[in-house]
Undergrad: 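First the structure, which I've put down as structure tokens, then a few questions once you've had a look.
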Amino acid sequence: MSSPEKTPAKGAGEQITRMRPAGSLLVYLLVLLGFWYAGASQQNSVAYLFCFFLASIGVVSLIVGYRNVSAVTVRCCGVSEGHADEPLQLRLAVGNGSSRGSFGIHLRPLAEVAPGAFVQLELDQLPVGEQAVHVTTGMLPRGRHVIGELLVSSIYPLGLVRWERRLRRAQPVLVYPARSGKQPLPVVPSVSGEGQGKVRSTGDDFAGWRSYRDGDSGRHVDWKAVARGQPWLVKEFEGEANNEVVLDWARVTVVEEEAKLRQVAAWVDECERRGLAFALRVPGIDLPAGMGTSAGEAHRRAALRALALWPQTGEVSG
Amino acid sequence: MKQGVQAAQWLGPRPMVWLGFGITLAAAPLMFILPFWLGLWAVVLTGWRVVLAWHQRALPSEGVRRAALGVGIGVVLSTHGLSIDTDATVGMLTVLVGLKLLEMRTRRDFLIAMFIGFFLILSFCFYEGSLATTLYSLLPATCLLAGALQVSGGRWQPMHWRQAIFATCRMMVLALPLTVVLFVFFPRMPGYFAQASSSKVGTTGISDQVYPGSVRRVTESQDVAFRAMLEGENPPPVERYWRGLVLLDCRGMAWSRGRQERAAPQLVRASAPVLRQRITLEPHNQKWLFALDRPVAISTYDVMFATQTFEDGRAVTRSKQYEVASSMERVPRIDFEATLARARRVDYEPDARVRAYVAALKSAHGDDAQAIAGAIMQAFAGGFTYTLEPGEYASGDPLAEFFFERRKGFCEHFAATFATLMRLAGVPSRLVIGYQGGEVNRHGGYIQVRQNDAHAWVEVWIPQEGWVRIDPTSVVAPVRLQRGMRGFVELGGESRGASGDQLVTASAWKWWRELVLSLRDRWDNLDYQWVLLVMDYDRGMQRGMMREMGVSEGQELLWSTAAMAAVGAVFVAILAGLLLHRKRASDPVRKMAQQFCRVLKPAGGSRPDWEPLNCYVERVAGRLPEPVARAARSFAAEHAQIRYGPAGDASAETLRRRLRQVVRLLRADGKHDRNIVAG
């Protein structure tokens, strides 16, 4: 499922700059023609002067537009990871190398597997200096993808042409399986033998809030609070951390492999929500249960990464 | 889907305000040229749209817009009919721009409205191409362009108006050199491409009819009629008679031009003094041309009449330049008998008093033309008033009313009466109208003649002498001739014969008047240069200039194409230079990081490009003295915070302070070390 990483034909960071005429360029040229006709037919020097002035401004606008776009610098910061059923966020450091700042910049990462997946980011004012921005994507399929290019474009200053810069960036993105499936969590008696640690289905004891951190699942965000304009908070639940769950591929009743992966991912999610330690058994992968609460997040990630890359195994750099 | 597209193209209120300013400034002057309501229409609809945009209200429904379109087009049609002339086109544009604004939602709509705005500016320049107009039109143009900048500069966080104006002005300044090159070298179309236009230019100016009040009406305008650059000395004001038209048909006080014979340019003695002039005539929508009395030859292919006047092939609707040679000698001294007979004809039944007066003249002086003229002038000198307010002469015989009753008049009253009386007495005479006087521009050295210098005088045929100029105004109001119309007005605008005491002017505000006049002259000179260099720059001038640059005949197109290609090459070179040359980053944070590494280099070693700053600090911290290492770690942490953390926690200023601290600690440490070594 995951596409083999393509090394960009040209070196990373290399760019291609293009000028694409906008529809209004035609209108502009017609207006110039009209002005010229007015000057020629009436032998009116001032009309000629206006025609040439407008033409020169058009020419200057090409240079201004080019400088506006070429001043933009983009760096990728870190690997983005997320589930296939939720939008991904890509962290970028967008800067401006000119002394004046840029205007009306549109930024769109182009993923090779799904070119249209990313939402175009509109940066109206890009002052001198660098700033961190997040680009939200649409849904990407499971696996490891490389965002090969970033498209920086603008129609500033007159909207006659669109200057486009394609920045080559080899930015890996890891997409975990989507979470779906109706099977209940397979509960196994704990090894430590503290009785039948039956997981209560209603055991999501609400423990409190903590502030949002990058990578937190969107499901736990207190959206009502966000809608009220409060800062992003994540709901925490108290589960029975003592119970160990084995998420075994063999126990999934669905036949299709992708559906199995989705079910396992849903289980991982549920375990995390309930604070259960879990072991993962998928063909080729045998992940023992993580130890201690601090290992929880790292463990979950390791499990999800393994699911994302299945059937390949191996580490993701970054 | 359509909704989505419209939302994506949505326009904020700020560009609308710019567009509103631009269109209003462009349409406002048209109010005074086109029917008033047309300009008002554009201004009101623009204002309405701006208010709607500002308060984020919905646009009027399609029915309302259609009704407005119907009304607008209907009124334009009813005003201009189905003719497609300049006025109708500009009228239609004005109607359309208002409607376009009312249905404007997207960026594309904005650009279309902006371009219509440019056409409005252009149409104003069509009517008035002067320097002042052109400078004024930069105002709406700046507003429209600033709006376009705001539109294409994003919609969530629009550019500040100062940014937009600054960027627009910068673009306009950058565009100037290219504009000049294009203007000078872009090939002009030959004249046959031109189309006649019916335009409202120059409704002021003298006409070919004289009746009581006709010249006086012209003198109400302060507009420049023409400017004349003379070769050599400017003649004194009294001798500056600018000949325009000669009127031959006499009906009492009313004179008209009549049919005139054409003539060839005259020969003058080689030794005769000839005054050459280059005249730049403002458009007056008439055919006649002016020249210093009396012109003998003209540079262009214009018509010359036996009355020593000139005419253009068609009405002068653009400023026109021509060269004229004038001779002060009276030539010819003979004329055809038929011409003289025509110059004696009177289509007018004089009053009994007039008939009696002429009979008395005839019996006293017989056929002596000079004596008869002298007698009439004598009559004028005694008791007649030259005034700016002669009143209405509406009676059956205005001549008798003027000569025997009111005795008050302007130059046309005196001149027409004089010429008619001469004809009644059997002396061939004709009425000449044109301008008299004009002021020398003290900065440009040329003579500027304004509409209020309009004048009428008489020529009388005297055997053995030829046509002799006699100006009745000279005996009634010599001040008018000596000091020009302005001097005359300043002295009260009324005169009864020569009286010296009138020549004393009040001097209290003299310096102020001098200043104003000097500024006016300076501006007029600039305007004149503008006319010479820009407005009159045509195919002929372009070819003449290229001839001077050494381009041979027939190769102009080649060379102007070459010049254009050179300009294009320069542009491509600039663009290529921009593409190849990348400006170094001037990000302050990045600069400080670089400086930080430079500072640590002697103690800790250099940092390779690939190494993150915090890793570098950790690597070298062991080699640094403890306080420096602590400060360096803080620097790396703050740097990371600025770069990758949420906005607002750390600023470049804290980083700068931290950098200074690192430098200070390092320096103190160095000193300490040296002290130890020294000790």
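Heavy atoms only: backbone and side chains are in, while hydrogens, waters and symmetry mates are out.
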Undergrad: Under 4.5 Å heavy-atom distance to chain B, tell me which part of A/V59 shows up: side chain, backbone, both or neither.
TA: both
Undergrad: Do B/L111 and A/V27 come within less than 4.5 Å of each other through their side chains, counting heavy atoms only?
TA: no
Undergrad: So which part of B/L131 gets closer than 4.5 Å to some heavy atom of chain A, the side chain, the backbone, both or neither?
TA: neither
Undergrad: Out of curiosity, B/L145 CG to A/L54 CG, how far, rounded to the nearest 0.5 Å?
TA: 7.0 Å
Undergrad: Using heavy-atom distances under 4.5 Å, tell me whether B/L122 contacts chain A through its side chain, its backbone, both, or neither.
TA: side chain
Undergrad: Using a cut-off of under 4.5 Å for heavy-atom pairs, which of A/T73, A/V46, A/V60 has the most such pairs with chain B?
TA: A/V60
Undergrad: At a heavy-atom separation under 4.5 Å, does A/S102 approach chain B through its side chain, its backbone, both, or neither?
TA: neither
Undergrad: Please classify the contact of B/I116 with chain A as side chain, backbone, both or neither, using a heavy-atom distance under 4.5 Å.
TA: neither
Undergrad: Where on B/A164 is there a heavy atom nearer than 4.5 Å to chain A: the side chain, the backbone, both, or neither?
TA: neither
Undergrad: Is the backbone of B/Y537 close enough, under 3.5 Å, to the side chain of A/S45 for a donor and an acceptor to pair up by distance?
TA: yes
Undergrad: Return the CG to CZ distance between B/L178 and A/F53, rounded to the nearest 0.5 Å.
TA: 11.0 Å
Undergrad: Do you know which of A/G39, A/A38, A/C51 has the most heavy-atom pairs with chain B at a distance under 4.5 angstrom?
TA: A/A38
Undergrad: Which pair of non-hydrogen atoms, one from A/Q125 and one from B/M159, has the smallest distance, and what is that distance?
TA: NE2-CA, 3.2 Å
Undergrad: If you take the centroid of each ring, where Trp contributes its six-membered ring, are B/F186 and A/F52 closer together than 6.0 Å?
TA: yes
Undergrad: Tell me which of these, A/G95, A/A47, A/G23, has more heavy-atom pairs under 4.5 Å with chain B than the rest.
TA: A/A47
Undergrad: Checking A/F50 against chain B: side chain, backbone, both or neither under 4.5 Å from a heavy atom?
TA: side chain
Undergrad: Can you tell me how far apart OH (A/Y48) and CZ (B/R188) are? Round to the nearest 0.5 Å.
TA: 5.5 Å
Undergrad: Among A/L123, A/L62, A/L49, A/V64, which residue has the highest count of heavy-atom pairs closer than 4.5 Å to chain B?
TA: A/L49
Undergrad: Let's test your reading of the structure: which of A/A55, A/G104, A/S56 forms the most heavy-atom pairs below 4.5 Å with chain B?
TA: A/S56
Undergrad: Heavy-atom distance under 4.5 Å to chain A: side chain of B/Q150, backbone, both or neither?
TA: neither
Undergrad: Evaluate the ring planes of B/F115 and A/Y28, with Trp represented by its six-membered ring, and classify them as parallel (under 30°), tilted (30 to 60°) or perpendicular (over 60°).
TA: tilted
